[in-house]
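Read through the structure below, which is laid out as C-alpha cells, and then see the notes.
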Amino acid sequence: MGWLGVPNRGCGLRQQKIRNILWKTGQICRWLCCSTGDTAVMVTAVSKTKPSPSQFMPLVVDYRQKAAAAGRIPTNYLRREIGSSDKEILTSRVIDRSIRPLFPAGYFYDTQILCNLLAVDGVNEPDVLAINGASVALSLSDIPWNGPIGAVRIGMIDGECIVNPTRKEMSSSTLNLIVAGAPKSQIVMLEASAENILQQDFCHAIKVGVKYTQQIIQGIQQLVKEIGVTKRTPQKLFIPSPDIVKHAHKFAMEKLYAVFTDHEHDKISRDEAINKIRLDTEEQLKEKFPEVDSYEIIESFNVAAKEVFRSIILNEYKRCDGRDLTSLRKINCEVDMFKILHGSALFQRGQTQVLCTVTFDSLESSIKSDRIITAINGIKDKNFMLHYEFPPYATNEIGKVTGVNRRELGHGALAEKALYPVIPKDFPFTIRVTSEVLESNGSSSMASACGGSLALMDAGVPISSAVAGVAIGLVTKNNADKGEIEDYRLLTDILGIEDYHGDMDFKIAGTSKGITALQADIKLPGIPVKIVMEAIQQASVAKKEILQIMNKAISKPRASRKENGPVVETVQVPLSKRAKFVGPGGYHLKKLQAETGVTISQVDEETFSVFAPTPSAMHEARDFITEICKDDQEQQLEFGAVYTATITEIRDSGVMVKLYPNMTAVLLHNTQLDQRKIKHPTALGLEVGQEIQVKYFGRDPADGRMRLSRKVLQSPATTVVKTLNERSSIIMGESVSQSSSNSSRFILLCKWIFRAWGKDGDSIGSYLSLSSNSPGGENDRLSLRKVSNLSRIAR
C-alpha cells in the first residue's frame, strides 16, 4: 500500500492543494487498485510471454464502468452490463494513446489493460485516475515498458487554471484538458475541449499540466525503486536486422526518391508505384537472404522507405506533393448541396472529401443518458450530436460495413467537441450532424469539423462563429547517443502518408479567436513542450487561412431556416380543456402524431410544445387541434344553475350526458344520479335520449372535467332551471316567482301527507312557511334543514 501526491486544484502557478492517490497491490486480483476520494478504479496489466503473429503492437485497453460503482442496477432487460458505452470507448482510447508510445519497438506480444470502475463518489472523475492506474500497473509489472507517465486534468475558471477539478468545478470551467506527461517534462498525449479560449491561455494550461504530471511520475518512480521491480526480457523484439535494412536501402533508395519527389502523383498512383518497388525489392532481398523470415524482409523495406521519405522533408524542406512545410492543400467548399435537406455542405481539402448534413428534430429526440451514466459521468440529455462515418471506399478498399467502430467514434467525438461551443444553448431543436467521408487522404476528422460548420450555417443555425480544423505533423531526427530530438520539422495539413511515416498527428480546431478542441496522437515516447507550442502556433495560422476560404462559400448563418424545415409552436390549453385535448388514454395525441407526424411534449400544466417536421404538417396539426378544442361555451354556463341534459349513453358507472347538441359528452356518475345508492343507471329507469335536469358545479381544478349532479335536485329547495337548446344560445327557465309558487305547493303537499299519518298538519305548515320569509340562499338552507327535521318526525 502507498500514497501518490496528486495536485487537487489551484490558481495559476500559485498555491496548490495536494490530494493523494491511494494505491494497493496484492489485495485484489494480485494487481493494482487506485482511488482518489471515494472514487476507485482497479487496473490490471497482463502480457503474454510468447510473441503474437501480428505485425504490430497488439495492445488492448478496456475501461469499464460498473453500475454497482454508482450504487445502481443496470436498466437493460438482463440487468447486467452489456457492451461498451461511448464514454467507456473514448476513455479506453485516451488510455491507449497515453501508454502505447512507451512500449519498446518491435514488442509484438499480446497485452491487455483492464480498468474496472469500482466506486464513484460523484466528485472525482475516474478517467484520469485510470490513466495513472495503468501507468502504475505497467511500472510495477515485469512487462517491458519505458514509463512511467502521469496524467492530470486541467480546468479553467475565470482565467485561472484548476488542476484536477471536481465535477462541480468542471460545470463552470471553460476548459477540459487532459495532459499525459513522460519523464523530463515530455508530453506524450493531449486531449482537450474548450469554449473558444485564447491561444495563450491554452498554452499556459498545457504548461501547468506538464508541471504537475512530473509530481505523479516522481511518486511512481519512487514506488518502483522501493519495490525493486525487475522487467522481463522478451524472447524476441521484431526489429529488422541493420544489414538487411542496409541492402533494402541500397536496392530501393533511388526508385523511392523518384516517387517521393514526383509531385504529379496522387495518393493511389503513389501507393501503386511504391508497391511495385516493394515487390521488386523483396525479391532481391529474398535472393540475398534466403534464410530470413518474410516479416524481416517486409519490415526492412518499410524502414528504408520511411528513411527516404523523412530525409527529403528534413534535408530539402519539401513534401511528396510539392508543398512547402506550412502550405495547405487546395480547398473547395460548397453548401446547399440538396435542397430538401435542412442543411448540407461539401468540404474538400486535397484528396480528403467530406459530405456533411444537418437534421433538425424535436427536443424529445435528444440523447437521453440513463441513470447510471448520469450518476457516473454527470452527462444528461444532449441535443447536439455529430456522427462520423468512414466507409471502406473512402480509401479505395472493400470491407464489411458494420456498426460504428472505435476509430469512427473517436473521430466523431473530436469533431463534435470542435463544434459544440458555438451552438446556441437555447436552440429549439435537437441537431444531428452527419459527416460521411467520401475520400480520405489525411485529417478527415478536421475536415468533418469544417464541413459541419458550413452545414450548420447553411441550415440557419445561429452559431456564434465559424469553426475550422487542421492537422499538424512532425518529423524528427533523434540523437542515438543522448536519446533526444536533434532536429525536427512541423508539417501543416498532413497527408495520410505523412501521418504514417511521421511522429505525430496533432489535430486542433477552433474559431478565428480561440480554440475549441485539440487531440494529439504522439508516436514518440514524449516530445518537448516547445514543439507543442510551435505546433499550436502553426495550426492557428493555418486555421485562419482555412476560415477565409470557407467564408467565401458562406460567411454567416442564413437569416432563416429553409422553407421545408421543421417548425415549433406552443399551444396554450386551459386545464378545463386538457382532458379533451389529450383524449381518453391519450387518444387524440396519438392520432394527431400518427396522422400529421408531429411530436407533442408538455412544457407545463397549460402549455404544450408542438414540433412539426414541415410547415405543411404544422398546418394540419393546427387544424386538428382547433377542431378537437372547439369552444364548448363553458363561459356561458352559470355556476349553480340547473340545465336540461340529454342522455347519450348508459354505462355501468353512470350516464353520459350532453347539455347541448355539439358538446363532448360528460359522465354523470351513479353517485350523482340519486339520493339513494344505485349500482346501475337502469335502476332509475333512465334511457338513452331521455332528458334530465342537472346542476352545474363548474370544472374540476385537477383535470378540468365538468362537474354535474342530479342528486342535489331531489331536495325540496328549488332553483332556477336553464336549458341550452343550441350552442349559441342559453334560454332561462322558470322565474323566481314560479319558484315561490312551487314552494307553496310543496308546503300544501307536506300538510296533506302528515294529516294522512295522523300528525298535526297545521303545525307542520307553519313550520315550513318560515322558509318563505328567508331571502335568497338562506331560504334554501332553511328548507334543507326543515326537510331533514321532517324526515325524523315522519319516522
Side-chain angles (χ1 to χ4, degrees), residues 193 196 331-350 352-363 365-367 382-391 394 404 408-409 411-425 427-440 443-470 507 509-512 516-517 543 546-567 613-614:
S193 61
N196 202 20
I331 297 176
N332 292 320
C333 305
E334 296 182 43
V335 296
D336 200 15
M337 301 295 296
F338 303 97
K339 304 294 183 182
I340 194 64
L341 299 180
H342 298 163
S344 58
L346 183 69
F347 181 85
Q348 181 165 0
R349 179 162 49 195
T352 297
Q353 188 181 63
V354 174
L355 173 65
C356 291
T357 62
V358 172
T359 306
F360 298 133
D361 211 325
S362 67
L363 293 176
S365 301
S366 61
I367 296 178
K382 186 172 71 170
N383 67 338
F384 171 72
M385 64 202 84
L386 188 146
H387 293 158
Y388 171 95
E389 301 173 8
F390 194 93
V404 60
E408 290 177 317
L409 184 63
H411 281 53
L414 177 60
E416 181 179 299
K417 288 178 183 177
L419 295 174
Y420 181 76
V422 301
I423 302 295
K425 299 298 186 288
F427 197 66
F429 302 108
T430 295
I431 306 172
R432 179 179 184 245
V433 178
T434 59
S435 173
E436 183 171 356
V437 181
L438 306 179
E439 186 179 13
S440 177
S443 191
S444 57
S445 60
M446 292 295 92
S448 299
C450 298
S453 175
L454 292 170
L456 288 168
M457 289 193 287
D458 178 59
V461 179
I463 60 176
S464 58
S465 180
V467 174
V470 67
K507 297 179 279 286
T511 68
S512 58
T516 58
K543 179 184 61 177
I546 297 170
L547 287 171
Q548 291 176 357
I549 299 173
M550 291 169 56
N551 287 338
K552 295 177 181 178
I554 182 170
S555 59
K556 60 181 181 180
R558 298 189 187 278
S560 60
R561 294 184 292 273
K562 294 185 179 181
E563 294 181 356
N564 62 338
V567 183
T614 61

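Since this is a predicted model, take the numbers as computed values, not measurements. If you read the sequence from its start, that first residue is 1, and numbering goes on from there.
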Exercise for the section: Begin from the C-alpha positions of V354 and L438 and carry the test side-chain contact (heavy atoms from CB on, under 4.5 Å) through to its verdict. Expected result: CA-CA 6 Å; V354 174; L438 306 179; over 6 Å; no
If you look only at distance, which donor and acceptor atoms sit under 3.5 Å apart when one is on a side chain in residues 546-556 and the other is two or more places apart or in another chain?
residue	atom	partner	partner atom	Å
N551	ND2	L547	O	3.2

Name all residues meeting the side chain to side chain donor-acceptor pair (under 3.5 Å) criterion together with [X]; count only those two or more places apart in sequence or in a different chain, and write none if there are none.
X    : value
T359 : none
S443 : none
T434 : T357
S366 : K368

Practice task
Measure up the F427 and F360 rings against each other and bin them: parallel (under 30°), tilted (30 to 60°), perpendicular (over 60°).
Solution key: tilted
[X] versus [Y], closest heavy-atom pair with distance:
X    : Y    : answer
A459 : G343 : CB-CA, 3.8 Å
P613 : H342 : O-NE2, 4.5 Å
A468 : C450 : CA-SG, 3.7 Å
S445 : H411 : CB-CD2, 3.5 Å
S453 : A466 : OG-CA, 3.5 Å
K507 : L414 : CE-CD2, 3.7 Å

Handout entry: Beyond-backbone contact of I423 with I463, side-chain heavy atoms, under 4.5 angstrom
Key = yes
Practice task
Answer whether the closest heavy-atom distance between the side chains of Y388 and V404 falls below 4.5 Å.
Solution key: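 No, their side chains stay 4.5 Å or more apart.
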Problem - Row check, Y420 ring normal vs K425 NZ/CZ: under 6.0 Å, within 45° - result: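 Yes; both conditions hold, so K425 lies above the ring face of Y420.
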Is a side-chain N or O of [X] found less than 3.5 angstrom from the main chain of [Y], in a donor-acceptor match?
X    : Y    : result
K543 : V470 : no
D361 : T430 : no
S344 : F338 : yes

Exercise for the section: Test R558 against D458 for side-chain contact (heavy atoms from CB on, under 4.5 Å), laying out the working first. Expected result: CA-CA 6 Å; R558 298 189 187 278; D458 178 59; 2.7 Å; yes
Practice task
Could you name each residue pair satisfying salt bridge (charged side-chain N to carboxylate O under 4.0 Å, His left out) that touches residues 337-347, not counting sequence neighbours?
Solution key: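 Pairs touching residues 337-347 that pass the test: D336-K339.
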Spacing of [X] atom [atom1] and [Y] atom [atom2] [to the nearest 0.5 Å]:
X    : Y    : atom1 : atom2 : value
E416 : S435 : CD    : OG    : 12.0 Å
R349 : N332 : CZ    : CG    : 12.0 Å
L419 : L456 : CG    : CG    : 6.0 Å
S440 : F390 : OG    : CZ    : 3.5 Å
L355 : L346 : CG    : CG    : 6.0 Å

Problem - side-chain contact (heavy atoms from CB on, under 4.5 Å) between F384 and V433, intermediate numbers included - result: CA-CA 8 Å; F384 171 72; V433 178; 3.8 Å; yes
Practice task
Please report the C-alpha distance between Q353 and E439 in whole Å, then the side-chain angles of each, then the deciding distance to 0.1 Å, and finally whether the side chain to side chain donor-acceptor pair (under 3.5 Å) criterion is met.
Solution key: CA-CA 5 Å; Q353 188 181 63; E439 186 179 13; 5.6 Å; no
Exercise for the section: Take F429 and N383, measure what side-chain contact (heavy atoms from CB on, under 4.5 Å) needs, and give me the verdict at the end. Expected result: CA-CA 7 Å; F429 302 108; N383 67 338; over 6 Å; no
